[in-house]
2 protein chains.
Amino acid sequence: MPEKPPYLRIADVLRQRIADQEWTVGDRLPSRAQIAEECGVGENVVRRAQELLISQGVLEGRAGSGTYVAEPRRRVRMVRSSAREQQPGGSPFRADMLALGKQGHWESHTEAKVPAPAEIAVRLGIGEGDLCVRTVYEFLAEGCPVQLSTSWEPYELTAGTLVVLPEGGPHAGVGVVNRMAAIGITVSHAVEQPEPRHASAEEASLLGIQKGALVTHIRRTYYSDQGRPVETADIVIPAALCEVVYEIPVSRS
Amino acid sequence: MPEKPPYLRIADVLRQRIADQEWTVGDRLPSRAQIAEECGVGENVVRRAQELLISQGVLEGRAGSGTYVAEPRRRVRMVRSSAREQQPGGSPFRADMLALGKQGHWESHTEAKVPAPAEIAVRLGIGEGDLCVRTVYEFLAEGCPVQLSTSWEPYELTAGTLVVLPEGGPHAGVGVVNRMAAIGITVSHAVEQPEPRHASAEEASLLGIQKGALVTHIRRTYYSDQGRPVETADIVIPAALCEVVYEIPVSRS
DNA sequence: TCGAATTTGTGCGTATGTATC
DNA sequence: GGATACATACGCACAAATTCG
């Protein structure tokens, strides 16, 4: 006879009490010791139950402070489609924010002449250690960080042009496709490879999410019409904050 | 001074021993008790270390049997693009397998007149409880299951036609786009929403992966040129077995 | 300003369940 | 069916972070 483990029973109790509005969004729960005594179980059982609910986004633990009822954040919708890439004057992220009617902006930090690590070199079709322009992005919606990205471009490609720096000069902030067009390179397609994984401690603190929360890690590479990779990026999208949507046209011959 | 926890030290020891070929692919490691004594730590430390390596795909735990060195499986590449949807006579999955030069097939089980659950009803733009045709798929590459999918179509849409059953009749196994075309419905685009999550126990056993392993759960919906949803599916892709790739064309105006 | 009390987070040990051989 | 080994659940101790007097 399968008897439900105590920690699952406590998890249900906590869920029920939240549903009953005994605690509402933002409230702090009693300490583990209190709940444990109240429910007649060990402290550790309460901890396990809380961990479960935290992983489900119902609760939120703050070290040294307490366990709180998490607020159900509206997730930001990130559309990834060919149409999105055709923004004449803006970047894809700005288009997403526009569609949501939200204030979106980003901060970036560019370093030129960074030697390419092995994986990046493979993705860009260059030699390991070849120089790149690396730009680290932090995208914010309404002031809250919702997405991280690290972009790599071969230095050789843009050296000496006005678009060497992705976020500097007259073509700042218009996206890879438009910038490459300015120096006569036609970007014909992008390849995106989404992978599920857990957030690192650093990513979690940057994005304001729980450590180990689920994220989608997208490896994106832009290719020119010559078939040459012109940019590749590692994009980290936290599942708790964003939903990723691909729109794929279907045209039968 | 931050001293590395014992379980991380043991994890490094195990990794090193594997790198040194002391244990090779498929070998069974000594029992936890043996390793624990050998390394002078508690059994639990060894367990934590093994859990870490299992989550990284280095080891594989088999209950009642032992812990083994996992074989590095070649991941199956699943391309999702507009071009993929334009296969004249085959399904998208078959196209993927063809591209890999692998033997690909699938098993399916269809039930007609299943009432739509709430979430499915929303995605299909029908009422909750309205009848649907539900088809459960299990996709296999070289005989190994690599992908699960549950497809829903409004029963009203195909009732009385030759394509009521997705995997029956003269249009079996050609994909949604081609089947809909056979009854005069033009599918214009698909929307896919990939979400990272952990595999359920049932999914893990069906896919032959570790319980709780990372998967990409894609909610896909096909729309007709009238803008009406004609099919929606929940696709489960285990990260350990498959890589998902989106190809996005870029055309500047 | 500082330090003590409180609370969560982490590591590790032990007991029990369960699958495999 | 028994022995072995992994899986799960719970308890304890301590560290880290926060709060408050």
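The analysis underlying the following values was restricted to heavy atoms, covering all of them including side chains, and did not include hydrogens, waters or symmetry mates. All figures in this text were calculated on a predicted structure; none of them were measured in a lab. Every chain is numbered from 1, with letters handed out A, B, ... down the list of sequences.
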Between A:Q193 and A:R123, do the side chains contain an N or O donor and an N or O acceptor separated by less than 3.5 Å?
-> no
A:I218 vs A:I237 side-chain heavy atoms within contact, under 4.5 Å | yes
Is there a side-chain contact between A:W106 and A:E167 (heavy atoms, below 4.5 Å)?
-> yes
When you measure from the side chain of B:V45, which nucleotide among C:dG13, D:dA17, D:dA9 comes out closest?
-> C:dG13
Give a yes/no on whether any side-chain N or O of A:S65 is located under 4.0 angstrom from OP1 or OP2 of C:dT7.
-> no
Can you tell me the distance, in whole Å, between the CZ atom of B:R62 and the C1' atom of C:dC21?
-> 13 Å
A:R73, CZ: over 12 other non-hydrogen atoms inside 6.0 angstrom = no
In whole angstroms, how far is the P atom of C:dT7 from the CD atom of A:E51?
-> 18 Å
Integer-rounded Å distance: D:dT8 C1' and B:Q210 CD = 15 Å
In terms of side-chain heavy atoms of A:Y7, which of C:dT20, D:dC10, D:dT19 is nearest?
-> D:dC10
Roughly, in whole Å, what's the span from CZ in B:R47 to P in C:dT18?
-> 17 Å
Would you call B:E111 and B:R134 a salt bridge, taking side-chain N to carboxylate O under 4.0 Å as the test?
-> yes
Please determine, for the side chain of B:R48, which listed nucleotide (C:dG11, D:dC10, C:dG13) has the closest atom?
-> C:dG11
Among the candidates C:dT14, D:dC6, C:dT20, find the nucleotide nearest to the side-chain atoms of B:N44.
-> C:dT14
For B:I10 and C:dG13, what is the distance between atoms CD1 and P respectively, to the nearest whole Å?
-> 11 Å
Evaluate the side chain to side chain contact (heavy atoms under 4.5 Å, CB included) criterion for residues A:E51 and A:Y7: first the C-alpha distance (whole Å), next the side-chain angles of each, then the deciding distance (0.1 Å), finally the verdict.
-> CA-CA 10 Å; A:E51 274 177 5; A:Y7 84 98; over 6 Å; no
Strand-adjacent residues in residues 30-41 of chain B, judged by heavy atoms under 4.0 Å from DNA chain D = B:S31, B:R32
Of A:L59, A:L14, A:T67, which meets side-chain contact (heavy atoms from CB on, under 4.5 Å) against A:W23?
-> A:L14
Report the distance from atom CZ of A:R9 to atom P of D:dT8, rounded to the nearest whole Å.
-> 21 Å
Residue pair A:E43/A:A63 against DNA chain D: nearer the 5' end by closest nucleotide is A:E43
Return the nearest nucleotide to the side chain of B:P5; candidates are D:dC10, C:dT8, C:dG11.
-> C:dG11
Interatomic distance, A:Q50 CD vs C:dT10 C1' [rounded to whole Å] = 15 Å
A:R28 CZ - C:dT7 P separation (whole Å) | 6 Å
